[in-house]
Amino acid sequence: MFRHRLLIAATLFGVVTCVSAADTSSYTHSIEAWRHARVQRLTAPHGWLSLVALDWLSPGANTVGSAKDNAIVIDKAPAHLGTIDWRKDGSVQLTLAGDAKGVTIDGKHEHEATLRDDSHAKPTTVAFGTVGFYLIDRDGRKGLRVKDTQAPTRKHFLGIDYFPIDPSWRVVAKWVPFDPPRTLEMGSVIGTVDKVPVPGKAVFTRDGHTYTLYPIIEAPGDEQYFLVFADATSGKETYGAARFIYVDKPQNGHVVIDFNKAYNPPCAFTSFATCPLAPPENRLDLRVTAGEKKYRGHEE
(Lines give C-alpha, C1' and ligand atoms only; values in the text may rest on other atoms or scores of the structure.)
Protein backbone atom coordinates (compact mmCIF):
# COMPACT_ATOMS: atom_id res chain seq x y z
CA MET A 1 0.00 0.00 0.00
CA PHE A 2 2.94 2.30 0.55
CA ARG A 3 3.48 2.49 -3.21
CA HIS A 4 0.37 4.65 -3.26
CA ARG A 5 1.52 7.03 -0.57
CA LEU A 6 4.05 9.84 -0.49
CA LEU A 7 6.06 10.45 2.64
CA ILE A 8 6.56 14.17 3.14
CA ALA A 9 9.54 15.12 5.25
CA ALA A 10 7.68 17.70 7.31
CA THR A 11 8.54 17.31 10.97
CA LEU A 12 6.81 19.12 13.79
CA PHE A 13 8.45 18.55 17.16
CA GLY A 14 9.37 15.02 16.13
CA VAL A 15 6.03 14.14 14.50
CA VAL A 16 6.27 13.05 10.86
CA THR A 17 3.10 13.24 8.81
CA CYS A 18 2.24 11.19 5.76
CA VAL A 19 0.19 12.71 2.98
CA SER A 20 -1.38 10.70 0.19
CA ALA A 21 -0.36 11.26 -3.41
CA ALA A 22 -3.89 12.46 -4.13
CA ASP A 23 -3.66 15.00 -1.32
CA THR A 24 -0.27 16.14 -2.58
CA SER A 25 -1.69 16.64 -6.07
CA SER A 26 -4.61 18.62 -4.65
CA TYR A 27 -2.21 20.73 -2.61
CA THR A 28 -0.05 21.44 -5.67
CA HIS A 29 -3.11 22.55 -7.64
CA SER A 30 -4.16 24.83 -4.77
CA ILE A 31 -0.76 26.56 -4.77
CA GLU A 32 -0.86 26.92 -8.55
CA ALA A 33 -4.31 28.53 -8.28
CA TRP A 34 -3.02 30.83 -5.53
CA ARG A 35 -0.11 31.86 -7.76
CA HIS A 36 -2.44 32.59 -10.65
CA ALA A 37 -4.66 34.79 -8.48
CA ARG A 38 -1.60 36.57 -7.11
CA VAL A 39 -0.37 37.45 -10.61
CA GLN A 40 -3.86 38.61 -11.59
CA ARG A 41 -3.88 41.05 -8.66
CA LEU A 42 -0.35 42.22 -9.34
CA THR A 43 -0.98 42.90 -13.03
CA ALA A 44 -4.46 44.41 -12.63
CA PRO A 45 -4.92 47.88 -14.18
CA HIS A 46 -4.44 49.55 -10.79
CA GLY A 47 -2.21 46.90 -9.23
CA TRP A 48 1.29 47.46 -7.91
CA LEU A 49 2.85 47.26 -11.36
CA SER A 50 0.99 50.42 -12.37
CA LEU A 51 2.98 52.59 -9.94
CA VAL A 52 4.91 55.32 -11.75
CA ALA A 53 5.73 57.89 -9.06
CA LEU A 54 5.72 58.75 -5.38
CA ASP A 55 5.83 62.49 -4.72
CA TRP A 56 6.06 63.85 -1.17
CA LEU A 57 4.11 66.97 -0.25
CA SER A 58 5.52 69.99 1.53
CA PRO A 59 3.40 71.71 4.20
CA GLY A 60 1.30 74.42 2.63
CA ALA A 61 0.44 74.83 -1.04
CA ASN A 62 1.78 72.33 -3.61
CA THR A 63 1.05 73.02 -7.28
CA VAL A 64 0.53 69.89 -9.39
CA GLY A 65 0.63 69.32 -13.14
CA SER A 66 2.80 68.29 -16.08
CA ALA A 67 4.35 71.74 -16.59
CA LYS A 68 7.85 72.09 -15.18
CA ASP A 69 6.91 75.11 -13.06
CA ASN A 70 4.80 72.94 -10.74
CA ALA A 71 6.07 71.87 -7.32
CA ILE A 72 5.00 68.31 -8.20
CA VAL A 73 5.34 67.29 -11.83
CA ILE A 74 3.18 64.39 -13.02
CA ASP A 75 3.51 63.27 -16.61
CA LYS A 76 0.23 63.02 -18.54
CA ALA A 77 -1.51 65.42 -16.12
CA PRO A 78 -2.94 68.71 -17.38
CA ALA A 79 -0.22 71.36 -17.50
CA HIS A 80 -1.62 72.93 -14.32
CA LEU A 81 -3.93 70.44 -12.63
CA GLY A 82 -4.39 72.47 -9.46
CA THR A 83 -3.12 73.00 -5.93
CA ILE A 84 -2.90 70.59 -3.02
CA ASP A 85 -2.87 72.41 0.31
CA TRP A 86 -1.48 70.53 3.31
CA ARG A 87 -2.97 72.55 6.10
CA LYS A 88 -1.78 73.11 9.65
CA ASP A 89 -4.67 71.04 11.01
CA GLY A 90 -3.34 68.03 9.06
CA SER A 91 -6.05 68.01 6.41
CA VAL A 92 -5.16 68.02 2.71
CA GLN A 93 -7.32 69.99 0.30
CA LEU A 94 -7.26 69.73 -3.50
CA THR A 95 -8.47 72.63 -5.62
CA LEU A 96 -8.47 72.08 -9.38
CA ALA A 97 -7.34 74.77 -11.78
CA GLY A 98 -9.98 76.27 -14.03
CA ASP A 99 -8.46 74.75 -17.15
CA ALA A 100 -7.90 71.26 -15.70
CA LYS A 101 -10.13 69.44 -18.13
CA GLY A 102 -10.99 65.76 -17.86
CA VAL A 103 -10.00 65.42 -14.19
CA THR A 104 -12.30 63.49 -11.86
CA ILE A 105 -12.33 63.18 -8.07
CA ASP A 106 -13.67 59.79 -7.01
CA GLY A 107 -15.23 59.52 -10.46
CA LYS A 108 -17.01 62.86 -10.26
CA HIS A 109 -16.31 66.19 -11.92
CA GLU A 110 -15.79 68.17 -8.73
CA HIS A 111 -13.80 71.39 -8.39
CA GLU A 112 -12.33 70.67 -4.95
CA ALA A 113 -12.22 68.05 -2.25
CA THR A 114 -10.58 67.11 1.03
CA LEU A 115 -8.34 64.15 0.25
CA ARG A 116 -8.70 60.99 2.32
CA ASP A 117 -5.38 59.15 2.64
CA ASP A 118 -4.72 55.42 2.40
CA SER A 119 -5.42 54.85 6.09
CA HIS A 120 -9.04 54.81 4.92
CA ALA A 121 -10.55 51.82 3.13
CA LYS A 122 -11.12 53.99 0.06
CA PRO A 123 -8.71 56.89 -0.28
CA THR A 124 -9.79 59.77 -2.53
CA THR A 125 -8.71 59.05 -6.10
CA VAL A 126 -7.93 61.83 -8.56
CA ALA A 127 -7.87 60.56 -12.16
CA PHE A 128 -7.12 61.82 -15.66
CA GLY A 129 -6.77 59.60 -18.70
CA THR A 130 -4.82 56.46 -17.81
CA VAL A 131 -3.30 58.10 -14.72
CA GLY A 132 -4.57 58.58 -11.19
CA PHE A 133 -3.19 59.40 -7.77
CA TYR A 134 -4.18 59.23 -4.13
CA LEU A 135 -2.80 60.48 -0.85
CA ILE A 136 -0.66 58.31 1.43
CA ASP A 137 0.51 58.96 4.98
CA ARG A 138 3.73 57.42 6.27
CA ASP A 139 4.56 58.31 9.86
CA GLY A 140 3.36 61.88 9.36
CA ARG A 141 4.82 62.27 5.86
CA LYS A 142 2.20 62.82 3.18
CA GLY A 143 2.68 62.00 -0.47
CA LEU A 144 0.95 61.26 -3.75
CA ARG A 145 1.02 57.69 -5.01
CA VAL A 146 0.71 57.91 -8.77
CA LYS A 147 -0.46 55.01 -10.95
CA ASP A 148 -0.74 54.61 -14.72
CA THR A 149 -2.50 51.67 -16.31
CA GLN A 150 0.01 51.99 -19.17
CA ALA A 151 3.07 51.93 -16.89
CA PRO A 152 6.10 50.21 -18.48
CA THR A 153 6.41 47.96 -15.41
CA ARG A 154 2.92 46.65 -16.14
CA LYS A 155 3.16 46.50 -19.92
CA HIS A 156 6.52 44.71 -19.84
CA PHE A 157 6.00 42.46 -16.83
CA LEU A 158 8.37 39.47 -17.04
CA GLY A 159 6.41 37.10 -14.83
CA ILE A 160 7.37 35.56 -11.50
CA ASP A 161 9.97 32.88 -10.89
CA TYR A 162 9.31 30.36 -8.13
CA PHE A 163 10.98 27.61 -6.19
CA PRO A 164 9.36 24.23 -6.90
CA ILE A 165 6.21 23.59 -4.89
CA ASP A 166 7.25 21.57 -1.87
CA PRO A 167 4.61 20.41 0.64
CA SER A 168 7.26 20.12 3.35
CA TRP A 169 7.37 23.93 3.45
CA ARG A 170 3.78 24.02 4.65
CA VAL A 171 4.83 24.28 8.27
CA VAL A 172 2.56 23.64 11.24
CA ALA A 173 4.13 25.72 13.99
CA LYS A 174 3.44 25.78 17.71
CA TRP A 175 1.65 28.99 18.69
CA VAL A 176 2.77 30.81 21.84
CA PRO A 177 0.30 33.66 22.53
CA PHE A 178 1.31 36.92 24.16
CA ASP A 179 -1.08 38.22 26.79
CA PRO A 180 -1.08 41.13 26.60
CA PRO A 181 0.13 41.47 22.97
CA ARG A 182 3.64 42.83 22.54
CA THR A 183 4.96 45.32 20.02
CA LEU A 184 7.61 44.99 17.35
CA GLU A 185 9.55 47.77 15.69
CA MET A 186 9.34 47.48 11.91
CA GLY A 187 11.34 49.72 9.61
CA SER A 188 10.58 50.54 6.00
CA VAL A 189 12.49 51.26 2.81
CA ILE A 190 11.80 54.99 3.25
CA GLY A 191 13.34 55.09 6.72
CA THR A 192 10.22 55.17 8.89
CA VAL A 193 9.83 52.90 11.91
CA ASP A 194 6.44 51.69 13.09
CA LYS A 195 5.57 49.92 16.32
CA VAL A 196 3.20 47.11 15.41
CA PRO A 197 1.21 44.73 17.64
CA VAL A 198 2.41 41.13 17.89
CA PRO A 199 -0.19 38.68 19.22
CA GLY A 200 2.25 35.79 19.72
CA LYS A 201 5.08 33.81 18.23
CA ALA A 202 5.20 30.78 15.91
CA VAL A 203 7.81 28.16 16.77
CA PHE A 204 8.75 25.37 14.35
CA THR A 205 11.56 22.91 13.71
CA ARG A 206 13.32 22.03 10.49
CA ASP A 207 16.31 19.75 10.03
CA GLY A 208 16.65 19.45 13.77
CA HIS A 209 16.80 23.21 14.42
CA THR A 210 14.16 25.39 16.05
CA TYR A 211 13.05 28.69 14.52
CA THR A 212 10.74 31.47 15.69
CA LEU A 213 8.69 33.99 13.71
CA TYR A 214 6.57 36.90 14.92
CA PRO A 215 3.43 37.65 12.88
CA ILE A 216 1.83 41.07 13.32
CA ILE A 217 -1.69 42.47 13.33
CA GLU A 218 -2.03 44.90 10.43
CA ALA A 219 -5.40 46.28 11.46
CA PRO A 220 -7.79 45.51 14.34
CA GLY A 221 -10.31 42.86 13.38
CA ASP A 222 -8.22 41.29 10.60
CA GLU A 223 -8.93 37.61 10.09
CA GLN A 224 -5.28 36.85 9.28
CA TYR A 225 -1.89 37.78 10.68
CA PHE A 226 0.84 39.29 8.51
CA LEU A 227 4.36 37.91 8.45
CA VAL A 228 7.36 39.89 7.14
CA PHE A 229 10.47 37.72 7.08
CA ALA A 230 13.89 37.27 5.54
CA ASP A 231 16.07 34.18 5.37
CA ALA A 232 19.40 32.89 4.08
CA THR A 233 18.25 33.19 0.45
CA SER A 234 17.45 36.92 0.83
CA GLY A 235 19.50 39.15 -1.44
CA LYS A 236 20.65 36.13 -3.43
CA GLU A 237 17.89 33.95 -4.79
CA THR A 238 15.10 36.03 -3.25
CA TYR A 239 14.36 39.72 -2.71
CA GLY A 240 16.73 41.14 -0.12
CA ALA A 241 14.50 43.28 2.05
CA ALA A 242 11.81 40.73 2.91
CA ARG A 243 9.11 38.42 1.71
CA PHE A 244 5.51 38.38 2.94
CA ILE A 245 3.06 35.67 4.03
CA TYR A 246 -0.46 35.89 5.41
CA VAL A 247 -1.34 33.25 7.98
CA ASP A 248 -4.68 32.25 9.41
CA LYS A 249 -5.22 32.75 13.10
CA PRO A 250 -4.07 29.82 15.26
CA GLN A 251 -6.26 26.85 16.00
CA ASN A 252 -5.69 24.28 18.75
CA GLY A 253 -2.41 25.88 19.70
CA HIS A 254 -0.90 25.80 16.23
CA VAL A 255 -0.57 28.09 13.23
CA VAL A 256 0.10 27.09 9.62
CA ILE A 257 2.88 28.98 7.81
CA ASP A 258 2.84 28.02 4.15
CA PHE A 259 6.16 29.18 2.75
CA ASN A 260 5.03 28.12 -0.73
CA LYS A 261 2.89 31.27 -0.51
CA ALA A 262 5.83 33.52 0.40
CA TYR A 263 5.63 36.44 -2.00
CA ASN A 264 7.62 39.50 -2.95
CA PRO A 265 6.68 42.93 -1.61
CA PRO A 266 5.75 45.67 -4.10
CA CYS A 267 9.27 47.11 -3.74
CA ALA A 268 10.60 44.06 -5.57
CA PHE A 269 8.82 45.34 -8.69
CA THR A 270 8.87 49.13 -8.35
CA SER A 271 10.95 51.85 -6.72
CA PHE A 272 7.83 53.83 -5.79
CA ALA A 273 6.46 51.62 -2.99
CA THR A 274 7.01 52.04 0.77
CA CYS A 275 7.46 48.46 1.91
CA PRO A 276 8.26 47.25 5.42
CA LEU A 277 11.59 45.56 6.12
CA ALA A 278 11.94 42.26 7.89
CA PRO A 279 12.65 43.02 11.57
CA PRO A 280 15.72 41.34 13.11
CA GLU A 281 13.42 38.98 15.02
CA ASN A 282 12.11 37.57 11.72
CA ARG A 283 15.43 36.99 9.97
CA LEU A 284 15.86 33.24 9.77
CA ASP A 285 19.22 31.51 9.66
CA LEU A 286 17.62 29.06 7.25
CA ARG A 287 17.35 28.74 3.47
CA VAL A 288 13.63 28.93 2.75
CA THR A 289 13.61 27.42 -0.73
CA ALA A 290 9.91 27.98 -1.30
CA GLY A 291 7.72 30.72 -2.70
CA GLU A 292 8.70 33.55 -5.01
CA LYS A 293 12.25 34.20 -6.17
CA LYS A 294 13.83 37.57 -6.94
CA TYR A 295 12.10 39.45 -9.79
CA ARG A 296 14.28 39.54 -12.92
CA GLY A 297 12.97 42.91 -14.04
CA HIS A 298 13.95 45.02 -11.02
CA GLU A 299 17.32 45.84 -9.52
CA GLU A 300 17.61 46.11 -5.74
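In this chain, numbering begins with 1 at the start of the sequence shown.
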Undergrad: Quick check: is F128 connected to L144 through a chain of hydrophobic side chains (ILVMFWY, heavy atoms under 4.5 Å apart)?
TA: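 Yes, one cluster joins them.
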
Undergrad: Going hydrophobic residue to hydrophobic residue with side-chain gaps under 4.5 angstrom, can you get from L54 over to L42?
TA: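 Cluster IDs for L54 and L42 match.
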
Undergrad: Nearest heavy-atom pair of V103 and L81: which atoms, and what distance?
TA: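 Closest pair (atom of V103, atom of L81, distance): CG2-CD1, 4.2 Å.
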
Undergrad: Please name the residue in the list K293, K294, R296 that meets the side chain to side chain donor-acceptor pair (under 3.5 Å) test with D161.
TA: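 Passing option: R296.
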
Undergrad: Which label fits F259 and W169: parallel for a plane angle under 30°, tilted from 30 to 60°, or perpendicular past 60°?
TA: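 Rings of F259 and W169: perpendicular, over 60°.
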
Undergrad: May I ask you to check whether over 12 heavy atoms, not counting those of D285, lie within 6.0 Å of atom CG?
TA: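 Open.
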
Undergrad: Are the aromatic ring centres of F244 and Y239 under 6.0 angstrom apart?
TA: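 Centroid separation for F244 and Y239: 6.0 Å or greater.
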
Undergrad: In this structure, would V52 and L49 fall into the same cluster of hydrophobic residues linked by side-chain contacts under 4.5 Å?
TA: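 No: no chain of side-chain contacts under 4.5 Å links V52 to L49.
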
Undergrad: Can a cation-pi geometry be assigned to K147 and W48, taking NZ or CZ under 6.0 Å from the six-membered ring centre and within 45° of the ring axis?
TA: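 Yes, a cation-pi geometry.
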
Undergrad: Can a donor-acceptor pair be found between the side chains of T274 and R138 at a distance below 3.5 Å?
TA: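 Result is yes, a qualifying pair exists.
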
Undergrad: Treat each ILVMFWY residue as a node, draw an edge where side-chain heavy atoms are under 4.5 Å apart, and state whether M186 and V198 are in one component.
TA: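 Same cluster.
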
Undergrad: Does atom NE2 of H111 have more than 12 heavy-atom neighbours, drawn from other residues, nucleotides or ligands, at distances under 6.0 Å?
TA: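 Atom NE2 in H111 is crowded, with more than 12 foreign heavy atoms closer than 6.0 Å.
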
Undergrad: If hydrophobic clusters are built from ILVMFWY residues whose side chains come within less than 4.5 Å, do Y162 and Y246 share one?
TA: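 In one cluster with Y162: Y246, no.
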
